[in-house]
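What follows is a short report on a single structure.
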Amino acid sequence: MPSLPPIYETHGKTYQADTCRPVRQAVRAGRLEMKALARGQYPGAKLPRTALPGVKSVGYWDADQTQTWGLDWHRNEGIELTLLESGSVTFAVGEQTHVLAPDDLTVTRPWQAHRVGDPNVGAGRLHWLILDVGVRRPNQAWRWPPWIVLSKPDQKELANYLRHNEQPVWHGARDLQRCFSQIAAAVDTNHAGNALSLLTLRLNELFLLLLELFRNKGVALDQSLSGTLRTVDLFLADLRSNRAHLAEEWSVSDMARSCGLGATQFIRHCKQLTNMTPTQYLNGCRLEAAAALLVAQPKMSVTQVALACGFSTSQYFATAFRRRFGCTPRAYRGKCRDNRLGNRSAAAAHLPPALLPAGARPS
C-alpha cells in the first residue's frame with residue numbers, strides 16, 4: 001500500500017504531490033515497462049530508509065506504442081528532471097506546451113504544476129528524477145541532501161539557477177542523456193542495495209552536468225520567483241480559483257501565516273499586488289464566486305450560496321452583494337436567467353423555420 005502523498009503546506013491550498021496512478025495502471029495492464037527506485041507514494045522498488053535521502057523517485061519508463069493515458073496537471077514536492085531518450089512526448093508547464101524530442105531535458109521546480117501528454121503519452125523512453133529539497137513555500141531555502149558532493153558554492157549556484165529561471169525545456173542535452181542511461185542501468189541492476197553506491201555517483205554526475213549546462217547556456221534569472229511577493233501572489237491566485245478555500249474562516253493573521261509571513265509584510269504585499277487590503281480582496285473574491293454560483297446552481301438557495309463562498313450569514317452576504325452588484329442575490333439570479341432566455345429567443349429569431357423547435361415554427 002503506497003504512502004499518502006505529501007501536502008504542500010502553503011498558500012492556503014492543499015496541493016497533493018502526484019501519485020503516478022496512471023503509470024501504475026499501465027504497468028499492471030502490460031502496456032508500459034517501468035523501472036524505478038522510490039519512496040513514499042511513488043511506484044517502484046522501495047529505497048531503504050537511510051539510502052539517498054531526498055530522492056523520491058528515480059527511474060524510467062519505456063512505451064513502445066502510444067498510450068491511452070497521460071499525466072494531467074500535477075505537482076511534485078521536489079525538483080523534477082526528466083529526459084526523453086527516444087520517441088516523442090508532449091509536455092506543458094503553465095501556458096507553455098512543448099513537444100519533446102530525443103535528448104530534451106525538462107526542469108520543474110518544487111510544486112510547479114506541469115502535465116505530460118496531450119492528453120495521452122506518446123511512444124518513448126523517458127527518464128526522471130524527483131528530489132525533495134524541503135521546499136513547502138517559494139521563499140524557503142533549499143536543503144541539498146548530504147550525499148550531494150558538489151561544493152557549497154556550486155550547490156548555491158545550482159539552486160539559484162533552478163529556482164530563478166522560467167525555461168522548462170532544454171534541447172540537445174546529450175551528456176545528460178548518457179548520464180540518465182547510466183542511472184537507468186544502475187536502477188535495473190540494483191538488488192538489495194548493491195547498486196546504491198554507483199547510483200549515488202551517477203546522480204552526483206547528473207547534477208554536475210546540469211550545473212555545466214546552465215553555465216554554458218547563459219541562463220536568464222528572475223529572482224522574484226522565490227521571493228515573498230511571489231508567495232503572496234500564489235496565495236491570492238488560489239483564493240481567486242478555489243471556492244473551497246474561500247469558504248474557510250480566514251483572518252489576516254491566518255492568511256499571513258499560510259504564506260510564512262508576518263501580518264504587516266503580508267498586508268504590504270497584498271496592497272502592492274491588488275491595491276486592496278487582504279480583507280477587501282478576500283470579500284471581493286467571495287462575491288465574484290457567489291455571483292457565478294448563483295447562476296451555475298439555480299437550485300441552491302441564497303443562504304447555501306452564501307455559506308459555500310465563506311459568508312457567515314445570508315444577511316451580511318445580501319448587504320455586501322447589493323453594495324457590489326447593485327441588486328439582491330435573488331434579483332441578480334433572475335436578471336441572469338432572463339438575459340439567458342432572451343439571448344436564446346434572439347438567436348431563435350434568426351433561425352430558418354426548419355431549424356426551429358417544433359412548438360416555435362410558424363403554422
Side-chain angles (χ1 to χ4, degrees), residues 17-38 42-44 56-76 78-131 161-162 165-188 202-203 205-207 209-210 212-214 216-217 219-220:
D18 183 44
T19 61
C20 300
R21 181 178 299 174
V23 177
R24 297 175 188 270
Q25 293 172 341
V27 171
R28 284 198 295 266
R31 298 192 301 269
L32 180 77
E33 179 188 359
M34 188 273 293
K35 293 288 184 65
L37 299 176
Y42 293 100
K56 307 300 291 188
S57 180
V58 56
Y60 66 91
W61 78 47
D62 200 337
D64 60 5
Q65 57 185 302
T66 299
Q67 301 294 294
T68 58
W69 55 271
L71 296 175
D72 204 355
W73 292 104
H74 63 283
R75 302 167 189 263
N76 301 103
I79 311 160
E80 183 172 17
L81 308 176
T82 74
L83 187 135
L84 185 67
E85 180 177 342
S86 59
S88 177
V89 173
T90 302
F91 175 81
V93 174
E95 297 181 356
Q96 303 179 49
T97 299
H98 306 262
V99 179
L100 302 183
D103 297 339
D104 278 355
L105 172 78
T106 76
V107 180
T108 51
R109 296 188 299 274
W111 302 100
Q112 186 177 23
H114 56 289
R115 182 185 67 197
V116 184
D118 186 26
N120 297 331
V121 169
R125 183 179 173 93
L126 184 79
H127 302 265
W128 70 83
L129 168 68
I130 301 172
L131 179 69
Y161 285 132
L162 288 168
N165 88 85
E166 287 278 45
Q167 182 173 337
V169 176
W170 301 80
H171 302 294
R174 179 60 60 86
D175 288 342
L176 278 85
Q177 185 272 320
R178 174 188 53 79
C179 187
F180 264 115
S181 294
Q182 293 173 332
I183 290 171
V187 170
D188 277 335
R202 299 303 186 203
L203 290 175
E205 182 185 6
L206 178 68
F207 284 113
L209 290 171
L210 187 62
E212 291 178 352
L213 173 71
F214 290 148
N216 294 335
K217 294 288 187 179
V219 181

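Predicted model, so just to flag it, every value in this text is computed and none were measured.
- Considering OG1 of T108 and NE2 of H74, their distance stands at 7.5 Å, rounded to 0.5 Å.
- Side chains of M34 and V23 form a contact here, defined as non-hydrogen atoms less than 4.5 Å apart.
- Residues L100 and T106 are in side-chain contact: their nearest non-hydrogen atoms beyond the backbone lie under 4.5 Å apart.
- Between V58 and V187, the shortest heavy-atom distance links the atoms O-CG2, 4.0 Å.
- The distance from atom OG of S57 to atom CG of L131, rounded to the nearest 0.5 Å, is 11.5 Å.
- Contact check for F214 versus W170: side-chain heavy atoms found under the 4.5 Å cut-off.
- Residues Q182 and R178 meet the side-chain proximity criterion, which asks for heavy atoms closer than 4.5 Å.
- Of all heavy-atom pairs between I79 and P110, the closest is N-CG, 3.9 Å.
- Across all non-hydrogen atoms, the minimal contact from W128 to E80 is CB-OE2, 4.5 Å.
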Residue pair L105, L213: steps toward the side chain to side chain contact (heavy atoms under 4.5 Å, CB included) verdict: CA-CA 11 Å; L105 172 78; L213 173 71; 3.9 Å; yes
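- Counting heavy atoms from C-beta outward, L71 and P22 have side chains that approach closer than 4.5 Å.
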Side chain to side chain contact (heavy atoms under 4.5 Å, CB included) assessment of F207 paired with L129: CA-CA 11 Å; F207 284 113; L129 168 68; 3.7 Å; yes
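- Using cut-offs of 30° and 60° on the angle between ring planes, the pair F91 and H114 is tilted.
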Residues W61, V27; criterion side chain to side chain contact (heavy atoms under 4.5 Å, CB included); working and verdict: CA-CA 9 Å; W61 78 47; V27 171; over 6 Å; no
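- With a 4.5 Å cut-off on side-chain heavy atoms, V116 and V121 count as touching.
- Between R125 and D62, at least one side-chain N (NZ, or NE/NH1/NH2) sits under 4.0 Å from a carboxylate O, which counts as a salt bridge.
- Nearest heavy atom pair, residue A38 against residue P43, reads CB-O, 3.4 Å.
- Here the side chains of L162 and L210 are in contact, with some heavy-atom distance below 4.5 Å.
- Going from atom OG1 of T82 over to atom CD1 of I130 covers 9.5 Å, rounded to the nearest 0.5 Å.
- The stretch residues 28-37 participates, sequence neighbours left out, in no side chain to side chain donor-acceptor pair (under 3.5 Å) pair at all.
- Taking 4.5 Å as the limit, every side-chain heavy atom of F180 sits out of range of all side-chain heavy atoms of L209.
- When all heavy atoms are compared, the tightest approach of Q67 to N120 is O-CB, 3.2 Å.
- Atom CD of Q177 is separated from atom CG of L84 by 9.5 Å, given to the nearest 0.5 angstrom.
- In this structure, D175 CG and L206 CG are separated by 11.0 Å, a value rounded to the nearest 0.5 Å.
- Nearest approach of A123 to D64, heavy atoms of both residues: CB-C, 4.0 Å.
- Considering Q112, R115, R109 in turn, Q112 is the only one that fulfils the side chain to side chain contact (heavy atoms under 4.5 Å, CB included) rule with V93.
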